[in-house]
Novice: 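Sharing a structure here in structure tokens format.
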Amino acid sequence: MLSLHQLRCFLATLEHGSFTAAAGVLGYAQPSISEQVRLLEQQLDTTLFRRVGRGLVPTEAARALQPHASAALAAVAEAGRAVASVRELLTGTVRFGLFRTARFYLTADLVADVLQRHPGVRVELVGQNSAEVLEHLRKGRLEAAVIALPVEDENMVVTPVLRDELVYVSADPARLHARITPADLAAAQLVLPDASWRETDTTRRQLAQAVQRTGHPLRPRIEVEDTETALEIAARGLADTVTWRGVLHGLGDRLPAGLGWAPLRPAMYETFAVVHREGELSPASRVVVDLVTARMRDLDRSMRARTA
């Protein structure tokens with residue numbers, strides 16, 4: 001069986017023209033080099049060099065072998081670099097920012113991806129609201145995150161990955177017979193999440209602006225922190241709510257029974273993006289950024305296909 005050592009000795013002899021010169025370059029004794037080339041010739045059942053004076057002249061067989069031997073050694077070197085890269089990742093800790101409802105889009109799947117491919121990486125998923133996460137990014141507490149746009153910061157690299165539609169959710173089918181207008185929202189008994197972030201939450205701001213154009217303020221009857229609680233309250237018929245279609249899709253069978261939804265008119269969308277500060281990401285963070293980008297874009301394509 002051919003060995004890498006034999007190929008290395010062969011290439012050094014080919015390049016330097018003698019066993020003695022090859023031995024000097026590789027740091028072996030001359031008889032060791034000549035023996036490795038002899039064994040290689042036996043394996044291939046051919047002659048690779050002919051003696052001319054004190055030097056060696058390669059045969060046609062040697063010329064034919066050269067590119068393959070070089071490619072084999074290059075492949076081994078690349079494999080070593082790949083393993084070294086993984087070894088470097090195994091020591092990394094990733095602090096990645098997420099808005100609260102991101103778990104309905106990717107969180108568990110993202111963790112599974114990272115641990116399966118790079119089992120030594122430590123993962124910390126941080127954040128409750130896009131505004132909070134963006135502030136962590138600005139202060140250097142996070143390397144990267146996925147948050148809702150807009151991001152008004154020239155020092156950030158922003159890669160949009162998913163657009164989701166806001167929908168009206170109710171336990172009363174009579175309220176879902178048509179698209180819901182801003183005037184309907186102004187008159188509705190609403191329960192809205194993100195109570196602690198009502199001033200900066202991008203969804204709240206969109207809703208408030210739309211309702212204000214009707215001459216009324218957005219005044220939810222009930223405010224809570226998380227989307228699941230808002231949906232549970234809506235399922236009991238105590239109030240209606242609004243949420244993203246991706247959240248309903250992510251909940252699947254866990255969506256409280258009896259709820260239905262209707263689109264808004266005009267439609268409201270939110271775009272989510274992977275965001276990080278300018279400059280190089282750490283290898284571990286780059287892995288997570290690439291996985292998040294791929295997963296969110298796959299989900300975006302899936303959601304668009306369902307509405308096409």
Novice: Which of parallel (below 30°), tilted (30 to 60°) and perpendicular (above 60°) describes F49 and F10?
Specialist: tilted
Novice: Are side-chain N/O atoms of D164 and Y105 paired as donor and acceptor at under 3.5 Å?
Specialist: yes
Novice: Take atom CD of E152 as the centre, draw a 6.0 Å sphere, and report whether it contains more than 12 heavy atoms from other residues, nucleotides or ligands.
Specialist: no
Novice: Pairs under 3.5 angstrom only: tabulate donor-acceptor contacts from the side chains of residues 249-269 to other protein residues two or more places apart or in another chain.
Specialist:
residue: R254; atom: NH2; partner: G250; partner atom: O; Å: 3.1

Novice: If only side-chain N and O atoms count, and only distance matters, is there a donor-acceptor pair under 3.5 Å linking T203 with E270?
Specialist: yes
Novice: For residues 171-180, which residue pairs qualify under side-chain hydrogen bond (donor to acceptor under 3.5 Å, both in side chains), counting only residues two or more places apart or in two chains?
Specialist: D172-R175, R175-D240
Novice: Within a reach of under 6.0 Å around CD of Q116, are more than 12 heavy atoms found that belong to other residues, nucleotides or ligands?
Specialist: no
Novice: Sequence neighbours left out, cut at 3.5 Å: what donor-acceptor pairs do the side chains of residues 16-29 make with other protein atoms?
Specialist:
residue: S18; atom: OG; partner: A21; partner atom: N; Å: 3.0

Novice: Which pairs pass side-chain hydrogen bond (donor to acceptor under 3.5 Å, both in side chains) with one or both residues in residues 33-47, sequence neighbours excluded?
Specialist: E35-R38
Novice: Among residues at least two apart in sequence or on other chains, which ones pass side-chain hydrogen bond (donor to acceptor under 3.5 Å, both in side chains) with R221?
Specialist: Q189
Novice: Quick check: do R213 and P182 have side-chain heavy atoms less than 4.5 Å from each other?
Specialist: no
Novice: Is it the case that over 12 heavy atoms from other parts of the model lie below 6.0 angstrom from the NE2 atom of H5?
Specialist: yes
Novice: Looking at R138, I'd like to know if its CZ atom is crowded, meaning that more than 12 non-hydrogen atoms belonging to other residues, nucleotides or ligands lie closer than 6.0 Å.
Specialist: yes
Novice: For R297 and D300, run salt bridge (charged side-chain N to carboxylate O under 4.0 Å, His left out): C-alpha distance rounded to whole Å, both residues' side-chain angles, the deciding distance at 0.1 Å, then the answer.
Specialist: CA-CA 5 Å; R297 284 179 170 167; D300 183 69; over 6 Å; no
Novice: What residues form a side-chain hydrogen bond (donor to acceptor under 3.5 Å, both in side chains) with R286, not counting sequence neighbours?
Specialist: D290
